[in-house]
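Each ligand, and each atom within it, is numbered from 1 in the order the structure gives. Residues: numbered from 1 along the sequence shown.
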Amino acid sequence: MDKNALRGLPSIDELLRASELNMAVSTSSAALVAECARAVLDEIRSAIISGKRGGPGRDEIIAMTIERLSFLLKPSVRRVINASGTILHTNIGRAVLSDEAADAIALAASGNMNLEIDLATGERGERDSLVEGLIKRLTGAEAAAVVNNNAAAVLLALNTLSEGMEVVISRGELVEIGGSFRLPEIIRKSGCILMEVGATNRTLPLDYEAAINANTAIILKAHTSNYRIIGFTSDVGLKELSSIGKRHGVPLIEDLGSGSLVDLSIYGLPKEPTVRESIEEGADLVTFSGDKLLGGPQAGIIAGKKELIDKIRKNHLKRALRADKLTLAGLEATLRLYLNPERLADKLPALRYMARPLSEIEKAAVEARVYLENVLGPDYSITIEDNETQIGGGSLPGRLLPTKALAIVSGSKGAQEIFTALLSGEPAILGRINRDRVILDMRTVDSARDLALKMK
Ligand SMILES: *Cc1c(COP(=O)(O)O)cnc(C)c1O
């Protein structure tokens, strides 16, 4: 151990008098700077005691303190540019919100707002009424409630209508969405008894008929969001399930997952069932996410029969799962865009990315390539290639959209190293690795300017 090195360490007070740290104090706080200096000194002291290092110079201690401080002050929430090849990517927050939704959230955040008050009378209101009228209009439902996410919507609907009773569902629909949403677990956690019917690939009307008994409270149909069963298959459509349910007096719930509000085929995209169709075909309640194909903030929407929604509102779990004011503000502004379907594909980023013409994606790719060649330098080679985008968020499984992507390789760095370097840049860029190359899908990158990247 180097006793002199230990004795030579400056005191906190001495360090804080250094002009660099003085400046840091003026932009953050004296307590934080002192905390960082103390932590740095402790670290150095134990390294000296264990003989791992000698005494540092004052400049080194100051630099270490500043580095520690800037790490502490750096926000955890950072912008990520989505070049991942998945439009609705759960790990980076799914749907990018419209400007309208972002403005509405800012308004709700920066002051008080009419969350649960009727501004006409001053009386207490119901927070869901901020969006219920729009949901009714856009889906044909009699009523609607909003919670935190679709997993909560399914949980709440099942718990309200079927606690202690049986939920009948086809074996082929017991899906796992990822992020630990497993339908069988959600059914159990909502206090219901799972009654699976049919086989994995085939379920027939008779299977439902045979399972329904005096203890049956719900028929549940789930959209098999992220997989498809092909080959020798058969499932029972909503119309038929609805008539089985009616005959036995058992309500039918459809968990649509993504739940589009418009027929996507008008934008040249594959057809996905809409909430309106589900209600027209006889679902008594439909549950769907706010941040998948709908293109809004994270939310779960339950739409359907007024009598059932009223029961759901009275459930104390609704209080625990309710959406907050920012979500409701963003959701309302998003739903409002649907009143004008002609402009929807301009206004709603999720839809704009899905409907984006290949020529425009290619133009962005050409610009981005020039830009990145400049930033990354001659060690890198960047080519533009045909590739495919997936919709994500469990929407339209197996349907891929043609796209243009940048493929990046480097003379000295492996793909993993390039991938992580792009992720730790500012802003972070999320690509993917394919055959030892980093692929940046340009469908979801608005322009080369978005990549205004500073590499570390
Ligand atoms: C995505 C999905 C869910 C979960 O929705 P979250 O909004 O992520 O909670 C539930 N059911 C289905 C069928 C889904 O696709």
Has ligand 1 got any nitrogen or oxygen that is less than 3.5 angstrom from a nitrogen or oxygen of [X]?
| X | result |
| --- | --- |
| A151 | yes |
| R94 | yes |
| D255 | yes |

- Message: Please determine whether any non-hydrogen atom of K292 lies less than 4.0 Å from an atom of ligand 1.
- Response: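 Flag set, K292 near ligand 1.
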- Query: Does a sphere of radius 6.0 Å around NZ in K136 hold more than 12 heavy atoms from other residues, nucleotides or ligands, not counting ones at 6.0 Å or beyond?
  - Reply: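 It does: K136 NZ has more than 12 such atoms within range.
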[X]: numbered ligand 1 atoms lying under 4.0 Å from its heavy atoms:
| X | answer |
| --- | --- |
| H223 | 13 (C) |
| S289 | 5 (O), 6 (P), 7 (O) |
| G257 | 12 (C), 13 (C), 14 (C), 15 (O) |

- Could you tell me which residues satisfy side-chain contact (heavy atoms from CB on, under 4.5 Å) with E185, sequence neighbours excluded, listed by chain and number?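 So E185 forms a side-chain contact (heavy atoms from CB on, under 4.5 Å) with R182, R188.
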- Task: For the pair T287 and I301, evaluate side chain to side chain contact (heavy atoms under 4.5 Å, CB included) and give the outcome as yes or no after the intermediate values.
- Result: CA-CA 6 Å; T287 61; I301 300 167; over 6 Å; no
- Query: Which pair of non-hydrogen atoms, one from N82 and one from I87, has the smallest distance, and what is that distance?
  - Reply: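 What the structure gives for the nearest pair is ND2-O, 3.6 Å.
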- Message: If the condition is salt bridge (charged side-chain N to carboxylate O under 4.0 Å, His left out), which residues does K306 pass it with, not counting sequence neighbours?
- Response: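 For K306, the residues satisfying salt bridge (charged side-chain N to carboxylate O under 4.0 Å, His left out) (neighbours in sequence not counted) are D310.
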- Item | Candidate pair D446 and R352, rule salt bridge (charged side-chain N to carboxylate O under 4.0 Å, His left out), full reasoning | CA-CA 10 Å; D446 287 314; R352 186 171 72 230; 3.5 Å; yes
